[in-house]
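Heads up, the thing below is written out as structure tokens.
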Amino acid sequence: MYAEWILLMNFLMNLVLLKFTATITYTIIPIWRLLLGAFCSALIAVLFMGNIFMLLVSFIVLLGIAFSFKWKIFYEQGKWIVVATLLAGGLITALQPFLLASPFFVYIFLCFGIVCISLTVMKQGWFQKLQNVAQSRYVTTSQVELFEQQMELVTYIDTGNECTEPLSQAPVHFISFKSVQSMLPDEFSECLLKWNEQEPYSLTMFSKEIQKRIRLVPITTVQKGTLLVPAFRATIVIQNKTYPNHYVVFTKNDARFPQNAQMIAHVFVLTNS
């Protein structure tokens, strides 16, 4: 019965390792290959327990059945299997004194839980790192000229920002009000704070000269609703290219601005740079 529990433990661990590796490398494994690879590898490991050579065979069988018996697979997926095994195995080894007092079947599932949690944390951390690396490629500086006021801002070019002014179809960029408040004239800042989203058409707090350069732009909120906000005509300079007659919206909620950006630029500047 002891061997069966060991086989089950190895089988479950192999399943988790394969699923983790497939997710990290964006690979789809058919369920039959996932189960067969995990079982065959576990069976070899149990039958030849302690044999280093057969442990290597078990590793080859695990990767080969699940993915493919190709050298490329052993490098791309194999390295993640090794990293995940070292991480999970190290944690289980470190926690051994707290686990050994448990009944054997409880011990197996505790180990299984530790492996699942540790690899989930690792996966999320890796994806976050990839996201940061990808985002950093779109970070630049820009100059915004608004009402004869020039501001140099850290700018993130967002491929998801396709907001345009309805009449002219001019691109709309979003500026964090908090990060530029000190650069704006006090009178203009006070007007922005007085504007009420519940009464979007009420723009009397702005001077008539400024009102001529305002357009109301519909944007989609987090709650999937539509909100009208004032957008101000401005000139944007990004990557040595000048874009006149674009629009900027000042937003008080900059929590979703990536890379500590002060401005979220329209995708237009990426496709037309």
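As the structure is a computational prediction, the values presented were derived from the model and not from experiment.
- Here the side chains of Trp195 and Leu203 are in contact, with some heavy-atom distance below 4.5 Å.
- Residues Ile29 and Ala66 share a closest heavy-atom pair of CG2-O, 3.5 Å.
- Side-chain contact between Leu62 and Ile44 is absent, with no heavy atoms from C-beta onward closer than 4.5 Å.
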Worksheet entry | Test side-chain contact (heavy atoms from CB on, under 4.5 Å) applied to Thr21 and Ile81, step by step | CA-CA 6 Å; Thr21 303; Ile81 290 277; 3.3 Å; yes
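- Panel note: side chain Arg33, backbone Phe67; a donor-acceptor pair is recorded below 3.5 Å.
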Worksheet item: Would Ile219 and Cys163 satisfy side-chain contact (heavy atoms from CB on, under 4.5 Å), going step by step from the backbone distance to the final call?
Response: CA-CA 7 Å; Ile219 61 171; Cys163 183; 4.0 Å; yes
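- Taking every heavy atom of both residues into account, Gln77 and Leu63 meet most closely at CB-CD2, 3.9 Å.
- Interatomic distance, Ile238 CD1 to Ile157 CD1, rounded to the nearest 0.5 Å: 5.5 Å.
- Looking at Thr155, its side chain does come within 3.5 Å of a backbone N or O of Leu153 through a donor-acceptor pair.
- Residues passing the ring pair (Phe, Tyr, Trp, His ring centres under 6.0 Å) test with His266, sequence neighbours excluded: none.
- Applying the under-4.5 Å side-chain rule to Ile, Leu, Val, Met, Phe, Trp and Tyr, the cluster around Leu228 extends to Tyr201, Leu216.
- Counting heavy atoms from C-beta outward, Lys241 and Val269 have side chains that stay 4.5 Å or more apart.
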Worksheet item: Can you check side-chain contact (heavy atoms from CB on, under 4.5 Å) on Phe59 and Val82, steps first, answer last?
Response: CA-CA 9 Å; Phe59 173 75; Val82 172; 4.1 Å; yes
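- Side-chain contact between Val248 and Ile175 is present, with heavy atoms from C-beta onward closer than 4.5 Å.
- Annotation: ring pair (Phe, Tyr, Trp, His ring centres under 6.0 Å) contacts of Trp80 (sequence neighbours excluded): Trp126.
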Practice prompt. Evaluate the criterion side-chain contact (heavy atoms from CB on, under 4.5 Å) for residue pair Glu197 and Leu227; output intermediate values, then yes/no.
Written response: CA-CA 8 Å; Glu197 64 182 37; Leu227 180 69; 3.9 Å; yes
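- Contact of the Thr140 side chain with the Tyr156 side chain is not registered, since no non-hydrogen atoms from C-beta on lie closer than 4.5 Å.
- Residues Thr235 and Pro244 come closest through the heavy atom pair OG1-CA, 4.0 Å.
- For Asn196, the CG atom counts as densely surrounded, since its 6.0 Å shell holds more than 12 non-hydrogen atoms of other residues, nucleotides or ligands.
- Every residue meeting the side-chain contact (heavy atoms from CB on, under 4.5 Å) condition with Leu35, not counting sequence neighbours, appears here in chain and number order: Phe11, Leu15, Ile31.
- By the rule that hydrophobic residues join a cluster once side-chain heavy atoms approach within less than 4.5 Å of another member, Val237 and Met263 end up as members of separate clusters.
- Distance CG/Leu192 to OG1/Thr251: 11.0 Å, rounded to 0.5 Å.
- Looking at residues two or more places apart in sequence or on another chain, you find no side-chain hydrogen bond (donor to acceptor under 3.5 Å, both in side chains) involving Thr141.
- The line from CD of Glu190 to CD of Gln181 is 9.5 Å long, rounded to the nearest 0.5 Å.
- Side-chain contact between His173 and Tyr247 is absent, with no heavy-atom pair separated by less than 4.5 Å.
- Considering only residues two or more places apart in sequence or on other chains, Cys40 meets the side-chain contact (heavy atoms from CB on, under 4.5 Å) condition with Leu36, Val61, Ile65.
- For Val16, the side-chain contact (heavy atoms from CB on, under 4.5 Å) partners two or more places apart in sequence, or in a different chain, are Phe112, Val115, Cys116, Leu119.
- Taken from CD in Gln150 to CD in Gln143, the straight-line distance is 7.5 Å, to the nearest 0.5 Å.
- Side-chain contact check for Glu145 versus Ile236: every heavy-atom pair is 4.5 Å or farther apart.
- Shown here are the side-chain hydrogen bond (donor to acceptor under 3.5 Å, both in side chains) partners of Gln262, two or more places apart in sequence or in another chain: there are none.
- Using a 4.5 Å cut-off on side-chain heavy atoms (C-beta onward), Met151 and Met183 make contact.
- Counting non-hydrogen atoms of other residues, nucleotides and ligands closer than 6.0 Å to NZ of Lys79 gives a total above 12.
- Residue Ser176 holds its OG atom at 13.0 Å from CZ of Phe174, rounded to the nearest 0.5 Å.
- Judged purely by atom type and a 3.5 angstrom limit, Thr164 has no side-chain atom pairing as donor or acceptor with the backbone of Pro166.
- With sequence neighbours excluded, the residues forming a ring pair (Phe, Tyr, Trp, His ring centres under 6.0 Å) with Phe188 are Phe147, Phe232, Phe250, listed by chain and number.
- Of the possible donor and acceptor atoms, one in the side chain of Gln211 sits under 3.5 Å from a partner among the backbone N and O of Phe206.
- Cluster annotation: Leu56 and Leu18 are assigned to the same hydrophobic cluster (Ile/Leu/Val/Met/Phe/Trp/Tyr, side-chain heavy-atom contacts under 4.5 Å, transitive).
- Judged by distance alone, with hydrogens and angles left aside, the side-chain atoms of Arg213 form a donor-acceptor pair with the main-chain N or O of Arg233 at under 3.5 Å.
- Cluster membership for Leu167 and Val229, using ILVMFWY side-chain heavy atoms within less than 4.5 angstrom, is not shared.
- Minimum heavy-atom separation, Asn14 to Ala38: ND2-O, 3.0 Å.
- Judged as a side-chain hydrogen bond (donor to acceptor under 3.5 Å, both in side chains), and not counting sequence neighbours, Gln198 has no contacts.
- The side-chain contact (heavy atoms from CB on, under 4.5 Å) check on Thr204 picks up Ser202, with sequence neighbours excluded.
- Between atom NE2 of residue His246 and atom OG of residue Ser168 there is a gap of 9.0 Å, rounded to the nearest 0.5 Å.
- Contacts classified as side chain to side chain donor-acceptor pair (under 3.5 Å) and involving residues 53-65 (residues at least two apart or in different chains) are given here: Ser41-Ser58.
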